[in-house]
> 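What follows is a single structure, and I will ask about it in a moment.
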Amino acid sequence: MFKKILIANRGEIALRVICACKELGIKTVAIYSEADRNSLPVRFADEAICIGPPQLSLSYLNIPAVISAAEIANVDAIHPGYGLLSENANFAEVCETCNIKFIGPPPEVTRLMGEKEKARAAMKKAGVPILPGSEGVLGSEGEAIEWARTIGFPVIIKASAGGGGRGMRIVRSEEELPALFHAAQSEAAAAFGNGDLYMEKYVEHPRHIEFQILADQYGTVASLGERECSIQRRHQKLLEESPSTQVTPQLREEIGQMLCKTLSEIGYVNAGTIEFLMDSDRKLYFIEMNTRIQVEHPVTEMVTDVDLVKSQILLASGETLENVLQGPIVPRGHAIECRINAEHPEKFTPSAGKITAFNPPGGTGVRIDTAAYAEGVIPPYYDSLIAKLVVRGKDRSEAISRMSRALEMFIVEGIYTTIPLHRKILADPEFRAGHTDTNFIERFFARNAKEKAAD
Ligand code: ADP
């Protein structure tokens, strides 16, 4: 078993990994930028090493600085969290070369899944349904037009290296394709340093449904059921729940089995998430795989009672899945997560600054993952997620009541947050009825604007 782990991340997920390590009796090393000197991961880790100035490229994304810290602290393993270096196959390779275990899948699997059009092809080959789409990267605007004619409008142009909803454009007609193609290309090149694009059929009003899996290095894979993440704005998740109201036990079983077989064949190891879109006929189509722990992993933990981060560490140390899970997975109840971002709740502009008051709610079935605290400062350089409020209830209705009261009792002052937005979503009749496709937020804003105008 590992003796010491370095956490190559910051904020709530760094703290989450520290929690898992403490429970496993593993020492931790936090790395931090100058902007995070007074952060909770620095306070709660056994050791902390400053790796540079606030800018991401000079600190958390600076591979030589991260590896130097790991060597100085003499760690056995690195947990990358999510975002940052978590899906960087080169970083995983450097770790391997330095004899430090990277807690995640082998670099070649990360590389395959990181090129989304290649991941689509691999899944198609394994028999997992995918949406009609282009084969390989779109070489030119002309090729994009050809593919769009074959697939049929509407289509969606997506970045091969995509993430966070960037480099994506919905195209409804041939006339608008050239401009949107070039816009997606420059956005992808700026965001990912790679302007490669591919194309898929655009599904109207889909639900985003994803499956959590765990895999050991001996070829055994388990599915831990699904999360529904359809409440999104600008293709980014805002609220997630498990189970989905649209997945029957039979569908869950079918998809779970298919994924376990496919991922075992691919040689997948550690935690992973396979994302699907569900159309109005309740058919699921693969869109991408994330080869890391997800932001929304707590909803799965709440319903399955499996600690996914501890599982990641145990699996990376060579444990068998059987030993990690110790019995069958029996989901219980319903869980919801609200992402609390430091953002203006309507304009979605970032809101950095000092938190002047902070009251996290508690009580039965409530969990908060956060590194925020009263008098703490939210720096302007990083992701806006500052807390995840997660609840579990015996069913969806209890989970909704519990989340509503927890949101009412969650006080954050000094900065803007998405708490008021979540309060309104939880009270919304469409949300309560489970009508949660990916266009929910658009309709929700339109409804609210209408009500405001009528007042
Ligand atoms: P990213 O990696 O940037 O998050 P994804 O492929 O995971 O990109 O897609 C993010 C979101 O974009 C989905 O949850 C969905 O809302 C929307 N989306 C992606 N592909 C399609 C599609 N083919 N049809 C409709 N919506 C899509």
Side-chain angles (χ1 to χ4, degrees), residues 1-8 13 15-29 46 75-82 86 92 95-96 99-110 113 210-227 242-243 252-253 255-274 289-294 296-333 335 367 369 392:
M1 189 34 156
F2 306 128
K3 289 197 176 64
K4 210 197 247 187
I5 292 178
L6 178 138
I7 300 127
I13 193 65
L15 206 52
R16 168 74 189 86
V17 179
I18 292 174
C19 293
C21 290
K22 280 186 186 295
E23 290 181 25
L24 289 168
I26 300 170
K27 293 262 181 273
T28 48
V29 180
D46 295 291
V75 301
D76 314 299
I78 294 184
H79 194 301
Y82 52 68
S86 62
C95 290
E96 242 170 46
N99 242 335
I100 299 167
K101 184 75 192 170
F102 174 82
I103 302 178
E108 57 281 8
V109 181
T110 303
M113 293 303 167
E210 59 186 34
F211 279 72
Q212 174 71 54
I213 64 97
L214 284 175
D216 67 19
Q217 51 185 267
Y218 314 102
T220 310
V221 187
S223 166
L224 285 88
E226 81 284 359
R227 298 183 283 259
S242 183
R252 185 173 303 124
E253 181 66 28
I255 300 287
Q257 276 186 14
M258 175 176 72
L259 292 177
C260 291
K261 185 173 161 283
T262 304
L263 292 163
S264 176
E265 280 164 13
I266 287 177
Y268 198 84
V269 183
N270 217 269
T273 297
I274 303 89
M289 172 158 194
N290 292 319
T291 54
R292 52 166 161 84
I293 194 80
Q294 303 263 113
E296 60 275 22
H297 75 274
V299 290
T300 300
E301 295 188 325
M302 294 290 260
V303 293
T304 60
D305 265 339
V306 173
D307 185 317
L308 290 168
V309 178
K310 273 201 221 171
S311 303
Q312 283 192 292
I313 297 169
L314 293 168
L315 291 166
S317 79
E319 279 286 356
T320 62
L321 194 59
E322 200 183 345
N323 276 349
V324 171
L325 294 177
Q326 298 190 342
I329 293 150
V330 190
R332 278 184 326 120
R367 161 177 172 179
D369 284 20
R392 184 191 164 279

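We're numbering straight along the sequence, starting at 1.
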> Surrounding NZ of K3 (heavy atoms of other residues, nucleotides or ligands, distance under 6.0 Å), is the total greater than 12?
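Counting neighbours around NZ of K3, 12 or fewer heavy atoms of other residues, nucleotides or ligands fall under 6.0 Å, so no.
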
> Looking at S242 and E226, would you say the former's side chain and the latter's main chain have a donor-acceptor pair under 3.5 Å?
yes

> Between Y268 (side chain) and C260 (backbone), is there a donor-acceptor pair under 3.5 Å?
no

> If every non-hydrogen atom of A316 is compared with every non-hydrogen atom of Q217, which pair is closest and at what distance?
O-NE2, 4.3 Å

> Do the side chain of N270 and the main chain of Q312 share a donor and acceptor less than 3.5 angstrom apart?
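Side chain of N270 to backbone of Q312, a donor-acceptor pair under 3.5 Å: yes, one is there.
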
> Please round to the nearest 0.5 Å and tell me the distance separating atom CG of D46 and atom CD1 of I18.
8.5 Å

> Which heavy atom of I313 sits nearest to which heavy atom of F2, and what is that distance?
O-CE1, 3.5 Å

> Measure the spacing between OG of S264 and CG of L259 and express it to the nearest 0.5 Å.
12.0 Å

> Atom CG in L214, atom CG in L263: separation rounded to 0.5 Å?
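Separation between the atoms: 11.0 Å.
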
> For the residue pair P243 and R252, establish whether any side-chain heavy-atom pair is separated by less than 4.5 Å.
yes

> Looking only at heavy atoms, what is the nearest atom pair of H79 and I5, with distance?
N-CG2, 3.9 Å

> Taking the side chain as C-beta and beyond, is there a heavy-atom pair between I103 and V17 under 4.5 Å?
no

> State whether the side chain of E96 and the backbone N or O of F102 hold a donor-acceptor pair below 3.5 Å, judged by distance alone.
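Not a single qualifying donor-acceptor pair exists.
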
> To check you understand the geometry: which heavy-atom pair defines the closest contact between V109 and G267, and what is its length?
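So the two residues come closest at CG2-O, 3.8 Å.
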
> If I take atom CG from residue L224 and atom OG from residue S311, how far apart are they, to the nearest 0.5 angstrom?
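Atom-to-atom, L224:CG and S311:OG are 7.5 Å apart.
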
> How long is the span from the SG atom in C95 to the NZ atom in K101, to the nearest 0.5 Å?
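Here the rounded value is 10.5 Å.
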
> Test T300 against every option in R227, Q294, Q212 by the side chain to side chain donor-acceptor pair (under 3.5 Å) rule and name the one that passes.
R227

> Which pairs with one or both residues in residues 306-329 pass salt bridge (charged side-chain N to carboxylate O under 4.0 Å, His left out), sequence neighbours excluded?
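Output for this query lists R16-D307, E23-K310.
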
> Please report the closest heavy-atom contact between T320 and L315, naming both atoms and the distance.
C-CD2, 4.4 Å

> Checking T220 side chain against D216 main chain: does a donor-acceptor pair fall under 3.5 Å?
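No; judged by distance alone, with no hydrogens or angles, the pair does not exist.
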
> Within the structure provided, determine whether I213 and I274 are in side-chain contact (heavy-atom separation under 4.5 Å).
yes

> What pairs meet the salt bridge (charged side-chain N to carboxylate O under 4.0 Å, His left out) rule with one or both residues in residues 256-272, with sequence neighbours excluded?
K261-E265

> Out of I7, T28, I26, I100, which residue meets the side chain to side chain contact (heavy atoms under 4.5 Å, CB included) rule with V75?
I100

> How long is the straight-line distance from CE of M289 back to CD1 of I266, given to the nearest 0.5 Å?
7.5 Å

> Could you tell me which non-hydrogen atom of R392 sits nearest to which non-hydrogen atom of R332, and how far apart they are?
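Heavy-atom minimum between the residues: NE-O, 3.1 Å.
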
